[in-house]
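Atom set for the values below is all heavy atoms of this structure, side chains included, hydrogens, waters and symmetry mates excluded.
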Amino acid sequence: MIYTEYTKLTNCILHVVGNKSEDEGVFLSDKSIELNEETSGILQEYLLGQVTTDGYSEFWHESQMELNEVYSFVKSIFEDNSVFEEKSASIAKHLYACSTHPKIKSGELCVVYFKNIIVDTVTCDAVGLFKSENKDTFLRVVMDGGRSSIMSETGININKLDKAAIIFNTQVENGYWVTVIDRTNKATEAKYWTDDFLKVKPCNNSYNQTENLIAMTRSFVSRLPEEGNRSEKALMVQRSMEAVKASTVKMDEYALEVFKDEEVARQFSEFTRKRSEGDGFGLEGEIKISQQAVKKKQTTTLTTVKLDGNFDIRIHGGEQLIEQGYDEEKGMKYYKLYYREER
């Protein structure tokens, strides 16, 4: 979680970054914007109000961290705030160099410096990078004497953020903590913001490991053969959600608890090993569970068994109270559910 009660926006500069493949250019500002208290408060609310920290990312590079451009520029700003304008221009130029796909839109890049932001109990400074690509039309009512008129203007909607990254000045040796927003990232070619420009990857922390464990479990379950028993798949998912209610899980015990079969548990362990190779997200040994991540992933359609177009059965447990069979006379499958009372 981030807390901004005592946060102060101290620097803000705006550059315009075009599409390089269209040769639109990049237009750089020389000086930071002078903001009064009211405008600064509105801008801070706009920039921070929609940012979530469900799972942090971190900068990375194949050879050495200093070769990650954004990491290097932001690190210089943290070390010496007097280079804020200079390094913000370098960030804008780097973004322009990454904006090569024809579908990437021109937009304003706002670089901001925040003081005293609290992130997961750590008080630190932060650098924010915000790109606005989509404009909205606003109506402005103008009163002139006894007459009124309506004028339309195009501008940035303060309730929408297209792309954002906030880099917190903590965990510098691991590539900082970074929270990322990309609301226009709906196609592979649009991943330039995260993959090419920022070059970040999820942190190997309890939140992301928990998300990864739940996602891998559901992916593995979905790949198991149906064998006419979808209820068993739903029960596996439900058992996995019960297992992660603990503060920690041991992977070998987790696999047996969820799948109830040593061979299937072995296949799951091999599945997670292969899926984790090369990303530093190995799910081995004991995993610390983030209940925030569990809560986010609580709802899943895999716990619902759909029967033709007539019935849906939502399974929360009680596998010993479910029977499945085949009625020879009707030529149809059936489920038998045992219960004590209706609710």
Side-chain angles (χ1 to χ4, degrees), residues 1-2 50-72 74-75 98 117 119-122 124 126-131 161-220 240-241 244 247-249 251 254 268-269 271-300:
M1 297 291 293
I2 64 172
Q50 301 170 68
V51 174
T52 62
T53 51
D54 289 339
Y56 299 105
S57 298
E58 61 190 10
F59 292 113
W60 72 282
H61 195 274
E62 294 87 345
S63 54
Q64 61 186 70
M65 189 69 74
E66 286 69 19
L67 296 178
N68 181 306
E69 288 89 344
V70 178
Y71 169 87
S72 180
V74 170
K75 185 178 180 183
C98 296
I117 192 167
V119 53
D120 285 5
T121 74
V122 176
C124 61
V127 170
L129 311 176
F130 306 89
K131 188 186 179 193
L161 276 175
D162 292 322
K163 288 179 169 61
I166 299 181
I167 302 99
F168 303 98
N169 192 10
T170 184
Q171 299 292 318
V172 57
E173 67 282 358
N174 296 324
Y176 294 115
W177 276 349
V178 186
T179 182
V180 180
I181 286 177
D182 188 354
R183 292 206 169 97
T184 59
N185 190 6
K186 297 179 180 179
T188 303
E189 65 271 9
K191 290 184 178 180
Y192 78 100
W193 179 259
T194 300
D195 298 347
D196 302 330
F197 170 59
L198 295 171
K199 204 173 183 68
V200 292
K201 64 180 181 179
C203 293
N204 193 13
N205 57 15
S206 62
Y207 184 97
N208 287 326
Q209 281 203 330
T210 302
E211 266 203 335
N212 209 28
L213 174 60
I214 295 172
M216 283 197 180
T217 301
R218 293 176 182 175
S219 179
F220 178 77
S240 75
M241 298 310 296
V244 295
S247 58
T248 60
V249 298
M251 286 301 298
Y254 170 86
F268 174 72
S269 298
F271 175 79
T272 58
R273 184 189 65 78
K274 288 183 178 179
R275 289 283 293 269
S276 301
E277 284 179 352
D279 65 4
F281 259 48
L283 295 175
E284 297 178 337
E286 188 171 85
I287 305 297
K288 185 178 180 181
I289 299 299
S290 163
Q291 293 306 316
Q292 184 183 0
V294 172
K295 184 177 181 181
K296 182 180 177 182
K297 294 290 187 180
Q298 194 71 48
T299 304
T300 171

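Here the side chains of I214 and M241 are in contact, with some heavy-atom distance below 4.5 Å. No side-chain heavy atom of E286 sits under 4.5 Å from any side-chain heavy atom of M251. Between M65 and E58, the closest side-chain pair of non-hydrogen atoms is not below 4.5 Å. For the pair V119/Y56, a side-chain contact is recorded, criterion being any heavy-atom separation below 4.5 Å from C-beta on. When side chains are defined from C-beta on, I181 does not count as touching F130, because their heavy atoms never get closer than 4.5 Å. The closest side-chain heavy-atom distance from Q209 to L213 is not below 4.5 Å. Inter-residue side-chain proximity for V122 and F168 is flagged as unmet; no heavy-atom pair is nearer than 4.5 Å. Contact annotation: the side chain of I117 approaches that of C124 to within less than 4.5 Å [non-hydrogen atoms, C-beta and beyond].
The minimum heavy-atom distance linking V178 with V180 is given by the pair CG1-CG2, 3.8 Å. The shortest heavy-atom contact between V70 and L129 is CG1-CD1, 3.9 Å. Listed here is the closest heavy atom pair of C203 and W177: SG-CD1, 3.9 Å.
Side-chain atoms of T210 come within 3.5 Å of backbone atoms of S290 as a donor-acceptor pair (strictly under, hydrogens ignored). No side-chain donor-acceptor contact under 3.5 Å links S72 to the backbone of E69. Of the possible donor and acceptor atoms, none in the side chain of Q291 sits under 3.5 Å from a partner among the backbone N and O of S247. At least one donor-acceptor pair under 3.5 Å links the side chain of N68 to the backbone N or O of W60.
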**Message:** Working note: C98 + W193, criterion side-chain contact (heavy atoms from CB on, under 4.5 Å); need CA distance, chi angles, decisive distance, verdict.
**Reply:** CA-CA 8 Å; C98 296; W193 179 259; over 6 Å; no
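Put simply, OH on Y207 and CD1 on I289 are 12.5 Å apart, with the number rounded to the nearest 0.5 Å. Note that OG of S269 and NZ of K274 are 12.5 Å apart. Values are rounded to the nearest 0.5 Å. Residue T272 holds its OG1 atom at 7.5 Å from CD of E284, rounded to the nearest 0.5 Å. Distance CZ/F59 to CD1/I167: 4.5 Å, rounded to 0.5 Å.
Ring geometry, F271 versus F220: the interplanar angle falls from 30° to 60°, so the pair is classed tilted.
Between Y71 and Y176, the ring centre distance stays below 6.0 Å.
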